[in-house]
Amino acid sequence: MTRILTLWLSALVVLVLSTQVRSDDHKPAPLAKELAVFQPFLGTWQADFEVPAGKPPMRDISRWERALNGTAVRTLHSINAGIYGGESLIFWDKSKNALVFYYFTTAGFYTQGTIEVLSPTEFVAFEDVTGNQDGITQVKSISRFKEGHFTVSTQYLKQDKWTEPESRTYVRSNGSVQFK
């Protein structure tokens, strides 16, 4: 009986330890301290845009991942399985003493900008746009992470006039970013 109990306890210890190792494997590795605000954003997300009645639905799938040994964050996103998408790289620029990023799109334009951390779960991005066919020259967005989801509020400087903020909420997703 003692031997059976010992074997059972040993098996239980192995199970508990292997479960802990497996759960640690699924935790994202840490980011550089300057990128800490992005840690909760790592993973795959989706947002359904508000569209006028009679228009097709629009879903954005976004994946945030640790890049370059944690010294950068890479984001990829696609709308409606690849009708539009983009990829960005966010990193700490030591010479500017600032978070900077570059965003490249399937529409042929790109942006470059800076990010200001407002709190441990909130940041604002300022972008200069190059090559947009719709007259957009700047973008400002505020992202807030709260209770397992995040919201993004975006404004565009289009033909020298700021648009009203557009807001969307991202929730965890099993979807995948797709490009055509």
Side-chain angles (χ1 to χ4, degrees), residues 14-92 99-111 113 115 117-125 127 129 136 139-156 165-180:
V14 168
L15 178 65
V16 168
L17 290 175
S18 68
T19 301
Q20 180 63 43
V21 168
R22 260 189 258 122
S23 69
D24 288 346
D25 287 346
H26 294 297
K27 291 179 184 174
L31 297 169
K33 67 179 178 171
E34 297 87 357
L35 302 170
V37 70
F38 304 112
Q39 192 75 37
F41 291 82
L42 298 180
T44 303
W45 303 87
Q46 75 179 43
D48 293 313
F49 288 57
E50 288 186 29
V51 294
K55 295 286 185 177
M58 291 186 63
R59 174 170 286 171
D60 186 22
I61 302 288
S62 177
R63 186 174 73 233
W64 296 58
E65 52 192 40
R66 181 179 181 269
L68 303 173
N69 294 333
T71 63
V73 172
R74 178 181 182 224
T75 70
L76 298 115
H77 82 104
S78 64
I79 295 175
N80 289 5
I83 63 166
Y84 172 81
E87 180 170 345
S88 65
L89 203 59
I90 306 165
F91 59 96
W92 180 255
L99 285 168
V100 300
F101 65 95
Y102 291 88
Y103 170 62
F104 301 94
T105 73
T106 59
F109 68 89
Y110 70 94
T111 75
I115 293 175
V117 175
L118 302 174
S119 78
T121 58
E122 183 178 34
F123 61 89
V124 60
E127 304 174 55
V129 181
I136 297 172
V139 180
K140 175 185 175 184
S141 63
I142 299 174
S143 298
R144 294 177 178 98
F145 190 90
K146 186 177 180 181
E147 299 173 0
H149 66 275
F150 68 93
T151 58
V152 179
S153 179
T154 307
Q155 290 181 274
Y156 305 92
E166 298 174 7
S167 187
R168 56 203 172 279
T169 300
Y170 287 81
V171 296
R172 291 277 178 196
S173 175
N174 291 322
S176 61
V177 175
Q178 300 175 25
F179 293 107
K180 293 184 177 197

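When reading the values below, keep in mind they use all heavy atoms of this one structure, side chains included, and skip hydrogens, waters and symmetry mates.
In this structure, S167 OG and R144 CZ are separated by 8.5 Å, a value rounded to the nearest 0.5 Å. Rounding to the nearest 0.5 angstrom, the gap separating the CG atom in L118 from the CD1 atom in I142 is 6.5 Å. In this structure, CZ on R63 lies 11.5 Å from CG on L42, to the nearest 0.5 angstrom. For the atom pair CG (L35) and CG (L68), the distance works out to 10.0 Å, reported to the nearest 0.5 Å. For the atom pair CD1 (I90) and CZ (F101), the distance works out to 7.5 Å, reported to the nearest 0.5 Å. Once rounded to the nearest 0.5 Å, the distance linking OG of S173 with CD1 of I61 reads 4.0 Å.
Residues L31 and F38 meet the side-chain proximity criterion, which asks for heavy atoms closer than 4.5 Å. At least one side-chain heavy atom of D48 sits less than 4.5 Å from a side-chain heavy atom of Q46. Between S62 and Y170 there is a side-chain heavy-atom pair separated by less than 4.5 Å.
In this structure, E50 places its CD atom where only 12 or fewer heavy-atom neighbours from other residues, nucleotides or ligands lie under 6.0 Å away.
Between R74 and E87 there is a salt bridge, since a side-chain N of the basic residue sits under 4.0 Å from a carboxylate O of the acidic one.
The salt bridge (charged side-chain N to carboxylate O under 4.0 Å, His left out) search around R172 returns none, not counting sequence neighbours. Not counting sequence neighbours, the partners of Y84 by the side chain to side chain contact (heavy atoms under 4.5 Å, CB included) test are H77, I79, Y103, T105, T106, A107, F109. Legend: residues meeting side-chain hydrogen bond (donor to acceptor under 3.5 Å, both in side chains) with T44, ordered by chain and number and at least two apart, are absent. Take S143 and apply the side-chain hydrogen bond (donor to acceptor under 3.5 Å, both in side chains) test, not counting sequence neighbours, and it matches no residue. Contacts of T169 classified as side chain to side chain contact (heavy atoms under 4.5 Å, CB included), with partners at least two apart in sequence or in another chain: H149, T151. By the side chain to side chain contact (heavy atoms under 4.5 Å, CB included) test, V37 is found to be paired with V117, F123, residues two or more places apart in sequence or in another chain being considered.
Across every non-hydrogen atom of A29 and Q39, the tightest pair is O-NE2, 3.4 Å. Closest of all the heavy-atom pairs between L89 and A72 is CD1-CB, 4.1 Å. Across all their heavy atoms, I115 and A125 have their closest contact at CG1-CB, 4.0 Å. A pairwise comparison of heavy atoms in V124 and K140 identifies CG2-CE, 3.9 Å as the closest pair.
R66 contributes a side-chain N or O that, together with a main-chain N or O of P30, makes up a donor-acceptor pair within less than 3.5 Å. Within the 3.5 Å criterion, the main-chain N or O of V73 finds no donor-acceptor partner in the side chain of E65. Listed for the S78 side chain is a donor-acceptor partner under 3.5 Å among the backbone atoms of Q178. The main-chain N or O of P57 is found under 3.5 Å from a side-chain atom of N80 such that the two form a donor-acceptor pair.
In this structure, F150 has its ring center closer than 6.0 angstrom to the ring center of F41.
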ask   = Yes or no on side chain to side chain contact (heavy atoms under 4.5 Å, CB included) for L76 and F179, after CA distance, side-chain angles and deciding distance?
value = CA-CA 10 Å; L76 298 115; F179 293 107; 4.0 Å; yes
request  = Might you work through the side chain to side chain contact (heavy atoms under 4.5 Å, CB included) test for T71 and W92, ending with a clear yes or no?
outcome  = CA-CA 7 Å; T71 63; W92 180 255; over 6 Å; no
